[in-house]
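Proteins get letters first, then strands, A, B, ... in listed order; numbering begins at 1 in each.
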Number of protein chains: 2
Amino acid sequence: MIKRTKLKDIAEALNISVTTVSRAINSKSDISEETRKAVLAMADKLNYRPNALAISLRKSLFNVIGVILPSVDHYFFSTVLKGIMNKAHQANYLVMIGESMNDLEKENEILNQFMSHCVTGILISPSGRDSLSQVRPKRIPFVVVDRPLENEVDSVVKYDDLNGAFLAVDHLINQGYKNIACLKGNKDCIISATRLKGYKKALKLHGIESNANMIKSCTYPSKKDGYLMSKELLLATNKVDAFFTITDNLAAGVYEAAEELKLKIPTDLGVVGYSNSQISSSLTPKLTTIEQPGERMGEQAFDYLQQIIIGNNRLFKKTFDAQLIIRNSSAKNLPVYSA
Amino acid sequence: MIKRTKLKDIAEALNISVTTVSRAINSKSDISEETRKAVLAMADKLNYRPNALAISLRKSLFNVIGVILPSVDHYFFSTVLKGIMNKAHQANYLVMIGESMNDLEKENEILNQFMSHCVTGILISPSGRDSLSQVRPKRIPFVVVDRPLENEVDSVVKYDDLNGAFLAVDHLINQGYKNIACLKGNKDCIISATRLKGYKKALKLHGIESNANMIKSCTYPSKKDGYLMSKELLLATNKVDAFFTITDNLAAGVYEAAEELKLKIPTDLGVVGYSNSQISSSLTPKLTTIEQPGERMGEQAFDYLQQIIIGNNRLFKKTFDAQLIIRNSSAKNLPVYSA
DNA sequence: GTGAAAGCGCTAACAA
DNA sequence: TTGTTAGCGCTTTCAC
C-alpha cells in the first residue's frame, strides 16, 4: 500500500478542518457551495482517492463480496463468475474470488480469509455436503449457487438437474437406443448424484431396469476419464449403444473411444452430454446436451445476495428449468439438427 | 458486515488489556505462556476472527491483489486467473477480480475501485494501448500479463506471439499449402497485430507476397466470425487453401464453413489455430495450434508482482517460448498425429 | 456553515 | 510480562 493523499492533506492545503473536507467530498448538504468547490478542486489536484478500508472500518460496511467456486477454468463456472461480476459491478461491489478445488479444507480456509477481510456476503458453489455447515455458523449473508444441498434453510440458485438428466436419457430412449450407460463423477458430488437420479428415473419410466454395471464413476471428470470409462464399457459388454455423460468433457472422451473402436456416432452409438460448453458444438457430430445458463444463474445469485445484505430476511430460491439441446449425436436414424 | 468478537471482548472476558490480547494472538515473544493460552482459548471460544481492515489500516498493508482481465469465460484468461490464484493462495494473498471487456473506461473504473480498496498490487491484461498510462501514474506495483505494450518500462509476462504465429504459418507452408489466409481480431488488439506480423514474417521468409485480401478482421473473434469470414474468402477467391486464425474459436468457424462447402480438412484446406484451448482437440480432425501456458503465465506474473511488492525495484520480464502443437488439421498429405 | 472530539479495531512505542 | 497512550483515515455527533 503506497502513501497517498488523505483528507488531512486537503484540509491543510486549504486551511480548513478535516471534517469540512469530508463533508464536501461526500456532498453533504450543510456546506457552502464555495468551500465545496474549493475542496473538490484540491482533491482533484492532489489526486485524492478515498481509503475504502478506513471508511469501511468506520461505517462497518465493506462493498466487497466473496465468491467460492470449485474451479474457474471450468467453462460453466467461469460463466457463473461472469454473471456475478456483471451485477456486482453495476451495484458497485467488488468481488473476491477463491477456488475450492472441491476440497473442503481449502474451501474453509478461503471462507475464513474472506470473513477476515470483511466481505459483505458470500456466493458459494459448495464442494461437498458439509460445506454449508462451515458457512452457516459465520452468520454472514450467503447464497448457494448450482450445487444445492438438499435442505430448506439456505437461499439457493440452482438448476433442475434431475430433470436435465431425465430429459437427456428420455430423449435417448425415444430415439431408439436401448442400452444406455451413464458416465459420472465422484460419489460425493451432489450434482453427479442428482443427475444419476434423473438417469434412473428416465429408465424406470420406460420400464428399463437400471444396471449398476452400466454406471461408471471417476474423481474429476475429464475427457480422458470419459475415454477410459467408455472404452471399458464398450469392450466389456458390447451391448452399450448410448452414453449419457454428466459433463460434456466426458462425452468428448466417448467420441474418442468410439473412433478408436470404429463405432459411428450417432448410428452405432448415441451420446448426450451436459452443460452445453463450447466443445459441444465443435465435436463431430455436434453433441446433444443440456443447456446451463451459467451467466444468468450468477446474476440471479448476486441479486439474491444483495437482497439478503440489505436485510430482506427471507429465503430466496430459484430453480432454472432444464433444457435439452438436440444436435446430431443422438440422432439414431435421422440427423435432426445441423446449426 | 456483521458484528463480531473483537480484541476488546476477549480482553474484558479475561480482565486484561487489549494490548496483551493482541500480543497473544500475534504470538509475540514478550508474553507469559499462561496468558497466551488463556487468550487463545477465549478467542477460540468467542470465535474471534481478526479484522483485516483494521489491521491493514493500522499497518498500511493489505494482502489483496487486483486482477483485471478482458473476460473470465475466455479459456485462456481463465487459466491465467487460475495460475494467479494458485500462487496468491500460497502467499496468503486474496484476489479481487474485474473484467474490462476490452473497454478502456471500464478498465479504469475497476482500477480506481481497486485502488480505493487498497489492493497491494495489480495484475493486468491491458485492454488497449492506453491502458497502462492509466495504471502507471497510480504508482502501485503492477505486472502486465499477456498483452504487452511495446515498451521497456513495465514488468511483463508475455508470450512470444510473433514467433507463435510465425511457427504456425511456416508450418502450413512447409506442409505444402500455398495460399494462406489470416483471420484476426480488432485492429486495436495488440495480440492480433503481433500475430499478424508473425504471419507476414513467415510468408516473407518463403518469398510469398502478403495480400491484404487474404487478411480478415473482426471485432470480437468468435466461432461465428470465423465461419463468416472464412466462407467469404473461400467463395470469393477460390484460391485459399489454408487458414491461420489468431484464436481457436475462429478455426472452429472455418471447420463449419469447410463442411458447408464440402472442403476436406486437411487435404483441401489446412487450418492452424491459436491457444490450444479445449475445443482444439475436440474438433475433427484435431486442430494444429499454438500452445499457450496460461496457468504458468499467471503464476509467473504473481511471482513478479510479489517481488515488486516486497520492494525489489527492478523490471521483471519473461517471455514464454512459442510452441507449435501439430495435429491433423494441417497434414496436407499424411496424417501426422493422432493422440 | 464549520470545527473539535470521539471512535471504528487494531498495533507499536513507551512506561511501569 | 503487562498496561497506557496514540494514531492508521475516516465519519459522526455535538458545539459554536
For the pair made of CG in A/Leu61 and P in D/dC10, what is the distance, rounded to whole Å?
-> 15 Å

Return each pair, listed once, that meets salt bridge (Lys or Arg N to Asp or Glu O under 4.0 Å) where at least one residue sits in residues 114-123 of chain B; pairs must be two or more places apart or across chains.
-> none

Which atom pair, heavy atoms only, marks the closest approach of B/Arg4 to A/Ser116?
-> NH2-O, 4.0 Å

Taking atom CD of A/Glu33 as the centre, report whether more than 12 heavy atoms of other residues, nucleotides or ligands fall under 6.0 Å from it.
-> yes

Going by the salt bridge (Lys or Arg N to Asp or Glu O under 4.0 Å) test, which pairs reach into residues 88-117 of chain B, not counting sequence neighbours?
-> A/Lys82-B/Glu99

Could you tell me which residues satisfy salt bridge (charged side-chain N to carboxylate O under 4.0 Å, His left out) with B/Arg49, sequence neighbours excluded, listed by chain and number?
-> none

May I have the distance from B/Arg4 (atom CZ) to C/dG9 (atom C1'), rounded to whole angstrom?
-> 10 Å

What is the minimum heavy-atom distance between A/Phe320 and A/Pro293, and which atoms define it?
-> CD2-CG, 3.8 Å

For DNA chain C, what residues of residues 31-45 of chain A have any heavy atom nearer than 4.0 Å?
-> A/Ile31, A/Ser32, A/Thr35

Separation between CG of B/Asn102 and OH of B/Tyr220, rounded to the nearest 0.5 Å | 5.5 Å

Using a 4.0 Å cut-off on protein heavy atoms (strictly under), produce a 5'-to-3' string for nucleotides 10-16 of chain C with B for base contact, S for backbone-only sugar-phosphate contact, and - for none.
-> BBBB---

Between NE2 on residue B/His117 and OG on residue A/Ser56, distance to nearest 0.5 Å | 5.5 Å

Report the end-to-end axis angle of the helix from C/dG1-D/dC16 to C/dA16-D/dT1; each axis comes from five terminal pairs, and the value is rounded to 10°.
-> 50°

Are any of A/Thr20's side-chain N or O atoms less than 4.0 Å away from OP1 or OP2 of C/dT2?
-> no

Please determine if B/Lys318 forms a cation-pi arrangement with B/Phe316, meaning its NZ or CZ atom is less than 6.0 Å from the six-membered ring centre and no more than 45° off the ring axis.
-> no

Any salt bridge between A/Asp146 and A/Lys158, counting N to O under 4.0 Å?
-> no

